[in-house]
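Counting starts at 1 for both ligands and their atoms, following the listed order. The figures here come from the full heavy-atom set of this structure, side chains too, leaving out hydrogens, waters and symmetry mates.
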Amino acid sequence: MSDIANRRRFLGLAGTLGLFGACQSPEGTPSSEAPSRLGSPVSAYGERSRFETVARAMRTVKNPEVSSSRTPLASTHGVITPSSLHFERHHSGVPDIDPEKHRLVIHGLVERPMLFSVADLRRLPSVSRVYFVECSGNSGGEWGPNRGPTVDASHGLASCSEWTGVPLKTVLEEVGLQPEAKWLLAEGGDACRMSRSVPLEKALDDALVAYGQNGEAIRPSQGYPLRLILPGWEGNANVKWLHRILVGDQPFMTKDETSKYTELMPDGSAWQFTFAMDAKSVITEPSGGQTLPGPGFYEVRGLAWSGRGRIEKVEVSTDGGSTWSEALLQEPRFPKAFTRFRFPWQWTGQESTLLSRCQDDTGYLQPTVEELIATRGTSSAYHNNGQKAWTVTSGGTVGPASV
Ligand SMILES: Nc1nc2c(c(=O)[nH]1)N[C@H]1C(S)=C(S)[C@@H](COP(=O)(O)O)O[C@H]1N2
Ligand SMILES: [Mo]
């Protein structure tokens with residue numbers, strides 16, 4: 001007890017946390033009904049505590065073509081997003097696919113066109129790896145002056161899972177590539193037939209045909225029973241409900257990579273096939289919508305990720321970017337995955353603006369939104385990886401910093 005008491009005094013929490021005496025029942029023991037009663041029996045499939053109500057923020061559920069839901073990043077721990085809270089972006093809703101009937105066809109510039117069942121793919125050598133998936137439209141609201149009021153609104157189209165599946169390279173070795181093969185078309189089995197061109201180098205590098213997510217089958221929203229995972233590349237190219245791979249010698253110029261997912265530059269030209277998600281970080285605690293109970297110790301927490309490799313450094317500013325200090329990077333720190341950072345902060349009670357910026361192992365430093373706008377203008381709706389600022393008012397409320 002005295003250790004805890006000393007530590008509390010050291011961190012200065014006494015003013016803002018309930019002290020032991022305050023939560024004692026009249027009899028002198030902490031009140032709880034549980035130990036005196038027989039609890040619930042075992043169950044076949046687990047559920048969270050009824051006291052936990054964190055949920056995805058949903059948009060336009062009536063209209064599946066435009067619907068999306070966002071991960072409540074401010075309420076997740078560590079680096080794995082619970083499957084139930086993985087963000088969703090479907091262009092024609094979630095298809096109901098029977099895995100027994102589902103097939104992946106691979107054809108085009110191959111030696112042996114083949115049809116794979118899910119069971120066939122599960123027989124091939126498997127791997128499990130932790131990767132984030134981020135929609136390239138994530139933080140799209142940050143280009144303008146009215147920036148996201150909460151971290152869900154500004155950054156919630158990103159999640160991180162452990163994915164299990166077969167390296168696409170292994171599957172392509174089974175069908176045999178013809179020498180002219182250079183690009184693949186990956187097509188989804190949903191009504192919109194989401195289709196994207198993938199350069200062969202990526203397919204032979206770290207791409208996965210995944211069937212597992214966080215220890216169980218991929219959730220229907222994430223592509224059950226098969227999904228293409230292109231680690232670190234924009235969410236859209238991670239085709240869900242994968243049912244066809246066509247091998248060709250050039251990109252296919254599909255609807256999803258011409259009318260959408262290109263970026264208009266100030267000179268009128270457009271960037272296409274901007275696949276990798278650049279290094280990005282965001283403070284999740286304290287973040288917009290939260291309230292600090294009073295001055296004292298806080299652990300500033302957040303997430304950083306890069307589609308190009310491992311996060312090597314995160315810096316935090318508590319004075320609007322005038323000075324920066326290095327945050328602690330929590331292990332594990334997988335490449336192309338969420339990395340958790342933490343930074344101890346004594347809040348004096350004065351208005352403060354908090355920011356984070358990260359650096360990946362290519363040496364790239366996360367820019368400010370203003371730096372992005374200077375090179376790309378404001379017509380490129382995608383790939384906004386700018387720094388995010390939160391202002392803590394003297395009253396303790398947290399919101400987006402005014403621009
Ligand atoms: N077949 C198919 N794949 C798809 C989509 C889709 O609508 N259909 N949406 C894409 C988009 S835009 C994104 S951002 C990611 C979202 O993945 P999630 O819903 O698992 O988070 O899936 C991509 N893959
Ligand atoms: Mo997306």
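- For atom 22 (O) of ligand 1, the nearest non-hydrogen atom from the set R227, H90, M194, Q222 belongs to R227.
- Protein heavy atom at the shortest distance from atom 19 (O) of ligand 1 is K240 NZ, 2.5 Å.
- Atom numbering of ligand 1 starts at 1 in the shown order; those under 4.0 Å from a heavy atom of V239 are 3 (N), 24 (N).
- Within the listing of ligand 1, atoms 14 (S) sit less than 4.0 angstrom from a heavy atom of C135.
- In this structure, the protein non-hydrogen atom closest to atom 11 (C) of ligand 1 is N236 CA, 3.6 Å.
- Counted within 6.0 Å of CG on D98, heavy atoms from surrounding residues, nucleotides or ligands total more than 12; the atom is thus considered enclosed.
- A salt bridge is absent between K336 and E134; no separation between the charged side-chain nitrogens and carboxylate oxygens falls under 4.0 Å.
- Each of the atoms 1 (N) of ligand 1 lies under 4.0 Å from some heavy atom of G188.
- At a 4.0 Å heavy-atom cut-off, ligand 1 does not touch E134 at all.
- Y364 and E312 are not linked by any side-chain donor-acceptor pair at a separation below 3.5 angstrom, with hydrogens and angles left out of the test.
- Using a 4.0 Å cut-off between charged side-chain N and carboxylate O, R129 and D206 make no salt bridge.
- Counting the atoms of ligand 1 from 1 in the order shown, those under 4.0 Å from a heavy atom of W241 are 1 (N), 2 (C), 8 (N).
- Atom NZ of K255 sits in a crowded spot, with more than 12 heavy atoms from other residues, nucleotides or ligands closer than 6.0 Å.
- Atoms of ligand 1 lying under 4.0 Å from at least one heavy atom of N238, given by number and element, are 22 (O), 23 (C), 24 (N).
- Using a 4.0 Å cut-off between charged side-chain N and carboxylate O, R219 and E88 make no salt bridge.
- Taking the six-membered ring where the residue is Trp, W233 and F275 present parallel rings, their angle staying beneath 30° rather than reaching 60°.
- Note: Y382 and Y261 have parallel aromatic rings, judged against thresholds of 30 and 60 degrees for the angle between ring planes.
- T170 contributes no side-chain N or O that, together with a main-chain N or O of V166, makes up a donor-acceptor pair within less than 3.5 Å.
- For ligand 1, the polar-atom distance check against Y261 finds no nitrogen or oxygen pair separated by under 3.5 Å.
- Within ligand 1, the atoms closer than 4.0 Å to a non-hydrogen atom of S221 are 19 (O), 20 (O), numbered from 1 in the order shown.
- At the top of the distance list for atom 9 (N) of ligand 1, counting protein heavy atoms only, stands R89 O, 3.1 Å.
- The backbone N or O of F87 sits less than 3.5 Å from a side-chain atom of S159, completing a donor-acceptor pair.
- Between F87 and ligand 1, an N or O atom pair is found at a separation short of 3.5 Å.
- Protein heavy atom nearest atom 23 (C) of ligand 1, with residue, atom name and distance: G235 O, 3.3 Å.
- The atoms of ligand 1 that sit less than 4.0 Å from any heavy atom of D190 are 1 (N), 2 (C), 6 (C), 7 (O), 8 (N).
- Looking only at heavy atoms of the protein, atom 7 (O) of ligand 1 is closest to H91 N, 2.7 Å.
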